[in-house]
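Here the structure is laid out as C-alpha cells; the discussion comes afterwards.
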Amino acid sequence: MASKADVKKVLDRLQIETPSWAYGNSGTRFKVFGQPGVPRDPFEKVEDAAQVHKYTGAAHSVALHIPWDKVEDYAKFAKHAKDLGVVLGTINSNTFQDDDYKLGSVCHPDKKIREKAVRHLLECIEIMDITGSQDLKLWFADGTNYPGQDNISSRQDRLSESLHETYSHLKGNQRMLVEYKFFEPSFYTTDIPDWGTSYAHCLQLGERAMVCVDTGHHAPGTNIEFIVAFLLRAKKLGAFDFNSRFYADDDLIVGAADPFQLFRILHEVNINGGFDVGTPVSFVLDQCHNIEAKIPGQIRSILNVQEAAAKALLVDQGALEAAQAAGDVLEANGVLMDAYNTDVRPLLEEWRSDKGIDPNPMKAFKASGYLKKIADSRVGGNQAGWGA
Ligand code: PSV
Ligand code: MN
C-alpha cells in the first residue's frame, strides 16, 4: 500500500488542465442562463482559470478552443497566462460550427471542404508553435443522419487522409490526440464513434498520435476502466477529457454522477503507470457549468479528481495481487472497496497545508470575494459562450 508520503508525491505532480470554455456561458439548446462576471474575452477566461490554480495548486494549465479563443497576438496571450501563474495547454480544434461543415469536415464528400478543415487544423498547430502547447486535440462532429446518406468506408478513407496530412505537420514534442464520441450531432453514423476507431487510426498514424478518452462519450453501461487499461497497456492513452454524465454527453462535474467509476478509472491509471513521472497521460476537464457558478464548479472538479486519485493510490496492491493469485474473489474486491471507502479528505487537507494552500479551497474561494469583484468590474462587452 502506498504510504501517505507516496500519495502526496503523486499529488505533487498531478496537474489537471481546465478548459477555457468552462468559464464562459453555456447551456442546452433550450436556454443559456448568463451569469454575472462571465469573461468577455480569452484573457479574462485565463484570469478565472488562474483562480482555480491559486486555490487548488493543481490546475496549472488552460485548454483553448480555436476559434473561440482566437486572439491577435498569441505570444502576448501566453505571457498573460504566465504572469498569472498558469500556462496555455491543449489546443482544441473546431470544425463543427461553420456552415460548410453541414455534411462533415475532414470526412466531407467535397475535397474543398476537407482541405478547408485541414487548413484549420494546421492553423491550430501554428498556434501551438507560438504558445508552446504540446497537444492538438481533435474531435470531429462528422457523421451521417440517414442510412444511405454517404459511403461509410469512403468517409474512413477521407478521415485517414486528412489525419495523415495533419500529422505530417507535427514537430518537436507536439502530439495529436484523437477523441471519439458515439453520437451527437450525428445520429446515424459517427466517423470516430469509439475508442477502437480512434486507436486504429492512431496506430496507422504513428507514435505522436494518441487516444483521448472523454468520459462522457460512451454508451450507457460501457466499462470505461477497461478501455483505459487497454490503451495504457498499448501506450496509446494520451489524455482524458473528464466530466460526468447521467444520460448522454452531459458535461457535468467529474465524479458527480458516479464517483466510484472515477475511482475505478484512476485505479487502472495508477496500476498501469499513468501517474508515473513522465506519464504520457494528460488530465483535462471538459465540462460546462450551466446552472452552477463556473470557477467553484472547476475547483470542485479538481478536488473530485484528487480525492479519487488518492483513494486509487491507497489500494493495497500487494494484498490485491495476492488475493487475485489465490483466486479469492471476495478478498480482492474487498481490498479495492477498502481503499474506495477511505476518507481521504484529511490527507488532502494536509497536502494543501504542506503546499501553503488553504485546506478548504471551496470555502477559501467563496470568502475571497472574487465572484463579486468580477460581477462588478466586468460590465459591458459580450460575455463569452460557445462560439466566442
Ligand atoms: C465534443 O463533445 C467535446 O467533448 C470535444 O472535446 C470538444 O472540443 C468539446 O466537447 C467542446 O466542449
Ligand atoms: Mn471532450
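In listed order, ligands and their atoms are each counted from 1. Counting begins at 1 with the first residue of the sequence. These numbers come from a predicted model, not from an experiment.
One finds the OG1 atom of T28 at 11.5 Å from the CG atom of D250 (value rounded to the nearest 0.5 Å).
Residue contacts with ligand 1, taken as heavy atom pairs separated by less than 4.0 Å, do not involve E184 at all. Contacts between D241 and ligand 1, counted as non-hydrogen atom pairs separated by less than 4.0 Å, involve the side chain only.
Closest approach between the Mn ion (ligand 2) and any N/O/S atom of E179 involves OE2. Per residue D241, closest N, O or S atom to the Mn ion (ligand 2): atom name OD2.
Remark: R378 engages D48 in a salt bridge, criterion side-chain N to carboxylate O under 4.0 Å. Between R158 and D191, none of the side-chain N atoms (NZ, or NE/NH1/NH2) sits under 4.0 Å from a carboxylate O, so this pair counts as no salt bridge.
Checking D135 against Q174 by side-chain atom types alone, no donor-acceptor pair falls below 3.5 Å. Counting only N and O atoms by type, the side chains of D157 and S160 include no donor and acceptor under 3.5 Å apart. Side-chain contact of Q306 with R345: a donor-acceptor pair under 3.5 Å is absent, judged by distance alone.
Between D249 and ligand 1, at least one pair of N/O atoms sits closer than 3.5 Å. Taking distance alone, with nitrogen or oxygen atoms compared against 3.5 Å, H217 approaches ligand 1 more closely than that limit. For ligand 1, the polar-atom distance check finds no N/O of W68 at less than 3.5 Å from any of the ligand's N/O atoms.
Close approach of ligand 1 to D214 is summarised as follows: ligand atoms under 4.0 Å from at least one heavy atom of the residue are 4 (O). When each atom of ligand 1 is checked for a heavy atom of K137 under 4.0 Å away, the hits are 6 (O). Below 4.0 Å from some heavy atom of N92 lie the following atoms of ligand 1, by number and element: 8 (O).
Among the candidates F182, Y180, Y247, the single residue satisfying the ring-ring contact (aromatic ring centres under 6.0 Å, His included) test with H218 is Y180.
Taking the side chain as every heavy atom from C-beta outward, I265 and F240 approach each other to under 4.5 Å.
Nearest protein heavy-atom neighbour of atom 11 (C) of ligand 1: H65 NE2, 3.5 Å. Of all protein heavy atoms, the one closest to atom 9 (C) of ligand 1 is D286 OD2, 3.4 Å. Atom 5 (C) of ligand 1 has its closest protein heavy atom at E179 OE2, 3.4 Å.
With the Mn ion (ligand 2) as the vertex, OD2 of D214 and OD2 of D286 span 90° to the nearest 10°.
The aromatic rings of Y199 and W195 lie tilted to each other, with the angle between the two planes from 30° to 60°.
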